[in-house]
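See below for the structure under consideration.
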Amino acid sequence: MHPINLYNTLTRSAENLSPMDGQRLRFYCCGPTVYGRAHVGNFRTFVMQDVFRRVVEAAGMETLHVRNVTNVDDKTIRGSIAAGQSLEEFTEYWTRLLHVDCEALSILEPHEEPSAIAHVPEQIELIGQLMEKGLAYQSDNGSIYYRIAAFEEYGKLCHLNKSDVRHNADQRLNTADEYDKENASDFALWKTWREEDGDNAWDSPWGRGRPGWHIECSAMSMKYLGESFDMHSGGVDLIFPHHENEIAQSEGATGKTFARHWFHVAHLKVEGEKMSKSLGNLYTVDDIVSWGFEPNDLRYSLLAGHYRQPLNFTKDSLNACRSARRRLGQFADLLPVGLEPTPGFSVFAPVLDALLDDLNTPKALGLLHSISQDVAADLKAGKSEPDEMVAIASGFHNALLAFGIEVPQADAGGEEAPDGIKDLAEQRSAARAAKDWTEADRLRDELSKAGWEMRDQADGYELTKL
RNA sequence: GGCGCGGUAGCCAAGUGGUAAGGCCGGGGACUGCAAAUCCUCUAUUCGCGGGUUCGAUUCCCGCCCGCGCCUCCA
């Protein structure tokens, strides 16, 4: 069992991480708000969280992976009302599509996937503890707020001094909500019912209402992982305020360290621009597929940059990654097939080392290519021992699993051509046999116009759908 | 104002106090009737700029220029 070295936002340094209980590495991932299709930016975070899990497991550790879906908030409530559906119906619909996309991207299912709707009692219980400890208070309008002045360590994750916080720095805040708080930086634990909430209200000791956003993650992570666990993660935008507030809620209530290690994934840009609804660049997995790429091309491209660095997502990068994946596929075709895979990375061990070193996926992918080329050169030069090849093929296979990358294989077989296309192809073969190049070229053009590419091979031809 | 990140070939992107991984694109070659695919091969005397430390710096230090992120509900 190798520990993984991972940058910890809390300490601003890379630290070794292994299960604190010596058994399973328990970690929590902040999932999406399910009010629409998840976009490539969301998936950068989810793919990196997935690679974290795969690498940790490849290093011989067991995991307990919890990823929530947020289904009680302004956007889901507004969306469900607009759609004329219950909040459950509405958010279950988008959760199902999330699962479809995750599967397409080879993202492993978390062991638990709790949602806020299903954990209202746990959240109420936690708020009650905070009330008892004087860390929360009820305002005149009935809502419950967290009293950050009472939590000494507030700001330790995002490294902001309370005095340095510029309140409402980017003018996004709805100031109408702000009057009832003792301090502008206090945040809502329980929101009292308002007209626009419709039927979405639960009874609590403080009246009908709904939980605030941050409390669900504190309640659910501690329910499934315990009051203290190994790692907590999400996109960088969650560092403040979401994760800072989770720490305040959880550590305030239990007096114990919440998550030991905080892992945050930098944001994705699209064609050099910030992603935003107004720019219309919140691309989805379906968009990528409609451009003619495979979801795995997207996955590869999300691993092509280091997770702590902003990554620029472009169609060019998808093209590059598709080619790179094909290249790996060509290598895979050289390896023996049908063998019982063995554990271990063999000559590909440096790939795992790079991944264990703060999830250096760009370096690891580079090594995957360069080692593959070395192996291929040895194979072609007849310098490799057949029994070595079993371990090497397994090592390659295991390395791909650690990335969650799939490579196209020659024997995968494409789409079957319809009869009309096959007829044209046969005619062209005949023309070629007769050395009638003009007719052969004409038929190739005709096939191309019909959407099929015909490639001549030594012993026949291959048809590929364009 | 506070905190933080980055500037490496046409593009993407690793990296180290001892002289630049890898991928894509592009060039050349093999193969092919021609293509495509594939294979082989080439492509940064140089790492934003200016100083300093050092036998030696892209890598450490200082200054500057440029770009970016966060500072209350966006992965």
Side-chain angles (χ1 to χ4, degrees), chain A residues 9 12 29-33 38-49 70 73-75 148 155 158-161 163-170 172-174 177-178 181 184-188 212-214 233-242 244-245 264-269 272 274-277 282 300-301 304-306 308-314 316-328 330 333 350 354 360-373 376-377 380 410 432 435-438 440-441 444 448 453-458 461-462 464:
Chain A
T9 309
R12 287 186 175 167
C29 299
C30 279
T33 302
H39 54 69
V40 287
N42 294 308
F43 287 118
R44 181 184 193 193
T45 300
F46 305 151
V47 164
M48 280 314 306
Q49 291 166 335
T70 293
D73 86 321
D74 289 348
K75 293 186 289 287
I148 67 162
C158 65
H159 303 96
L160 285 174
N161 293 320
S163 56
D164 287 341
V165 174
R166 251 195 202 183
H167 189 63
N168 203 10
D170 59 359
R172 267 185 312 174
L173 221 57
N174 175 3
D177 290 342
E178 304 294 297
K181 300 195 280 189
S185 300
D186 289 347
F187 57 92
W213 174 38
H214 314 295
S233 72
V236 282
D237 52 293
L238 296 183
I239 296 172
F240 189 86
H242 185 55
E244 193 68 55
N245 291 351
H264 291 103
V265 180
H267 273 182
L268 193 67
K269 289 184 150 198
K274 190 168 175 168
M275 291 182 32
S276 74
K277 237 174 204 170
L282 299 178
Y300 191 110
S301 74
H306 187 84
R308 281 198 279 133
Q309 230 49 64
L311 180 67
N312 189 19
F313 170 79
T314 63
D316 279 352
S317 69
L318 283 174
N319 266 316
C321 293
R322 175 164 58 189
S323 298
R325 243 163 34 83
R326 282 180 185 157
R327 193 173 181 77
L328 291 173
Q330 294 300 137
D333 289 335
N360 194 338
T361 52
K363 182 179 183 180
L365 284 171
L367 287 166
L368 187 65
H369 280 277
S370 60
I371 295 169
S372 296
Q373 293 312 309
K380 284 168 190 161
R432 288 190 71 228
K435 297 197 189 297
D436 183 351
W437 309 127
T438 314
D441 289 350
R444 185 164 60 196
S448 168
E453 182 179 44
M454 184 166 176
R455 291 177 193 160
D456 301 326
Q457 293 175 331
Y461 58 85
E462 186 182 70
T464 315

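The sequence lines fix the lettering, A, B, ..., with proteins before strands; numbering per chain opens at 1. Heavy atoms only: backbone and side chains are in, while hydrogens, waters and symmetry mates are out.
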Establish, with yes or no, whether the OP1 or OP2 oxygen of B/C74 is under 4.0 angstrom from a side-chain nitrogen or oxygen of A/Ser276. no

Tell me whether the side-chain N or O atoms of A/Asp237 pair up with the base of B/G69 as donor and acceptor below 3.5 Å, since no angle test is needed here. no

Using 0.5 Å steps for rounding, measure from the CZ atom of A/Arg308 to the CG atom of A/Asn360. 9.5 Å

For a quick test of reading the model: is some side-chain N or O of A/Lys277 closer than 4.0 Å to OP1 or OP2 of B/C74? no

Selected nucleotide, minimal atom distance to A/His39 side chain, candidates B/A75, B/U38, B/G6: B/A75

When all nucleic acid strands are considered with a 4.0 Å heavy-atom cut-off, which category describes A/His264: base, sugar-phosphate, or nothing? nothing

The Watson-Crick or G-U wobble partner of B/U46, with both key distances under 3.5 Å, is none

Closest nucleotide among B/G22, B/A14, B/A35 to the A/Ser370 side chain: B/G22

Where the side chain of A/His306 is defined as all heavy atoms beyond and including C-beta, which of B/A14, B/C40, B/U72 is the nearest nucleotide? B/A14

Between A/Ala377 and A/Lys435, which has a closest nucleotide on RNA chain B that is more 5'? A/Lys435

Which value, in whole Å, describes the distance between the P atoms of nucleotides B/A21 and B/C62? 29 Å

Would you please determine if the base of B/G4 is stacked by A/His159, with stacking meaning a centroid separation under 5.5 angstrom and planes under 30 degrees? no

When you get a sec, tell me which of B/C34, B/A75, B/A14 is the closest nucleotide to the side chain of A/Asn42? B/A75

On the side chain of A/Arg444, is there an atom forming a donor-acceptor pair with the base of B/C34 - under 3.5 Å, no angle test? yes

Determine the interatomic distance between C1' on B/U43 and the same-named atom on B/G50; round to the nearest Å. 30 Å

Could you tell me whether the side chain of A/Asp456 has a donor or acceptor atom within less than 3.5 Å of a complementary atom in the base of B/C34? yes

Taking only N and O in the side chain of A/Lys274, is any of them less than 4.0 Å away from OP1 or OP2 of B/C74? no

Nearest-angstrom distance, C1' atom, B/C24 to B/G18: 31 Å

Spacing of OH belonging to A/Tyr300 relative to OG belonging to A/Ser317, to within rounding of 0.5 Å: 11.5 Å

Which listed nucleotide (B/A14, B/C73, B/C3) is nearest to the side chain of A/Arg12? B/C3

Atom CG of A/Asp333 and atom CZ of A/Arg326: how far apart are they, to the nearest 0.5 Å? 13.0 Å

Looking at the side chain of A/Lys363, which of B/C40, B/C5, B/G15 is the nearest nucleotide? B/G15

Out of B/A14, B/G23, B/G4, minimum distance to the side chain of A/Ala324 belongs to B/G23

May I ask you to evaluate whether A/Arg455 reaches the phosphate of B/A35, defined as a side-chain N or O under 4.0 Å from OP1 or OP2? no

With the side chain of A/Gln373 defined as its heavy atoms from C-beta on, choose the nearest nucleotide among B/G23, B/C68, B/C5. B/G23

Is the shortest side-chain N/O distance from A/Asn319 to OP1 or OP2 of B/G23 below 4.0 Å? no

What is the base-pairing partner of B/G1, counting Watson-Crick and G-U wobble geometry with both distances under 3.5 Å? B/C71

Of the listed B/C24, B/G22, B/C68, the closest approach to the A/His369 side chain comes from B/G22

Search all heavy atoms of A/His369 against all heavy atoms of A/Ala324 and return the closest pair with its distance. CE1-O, 3.5 Å

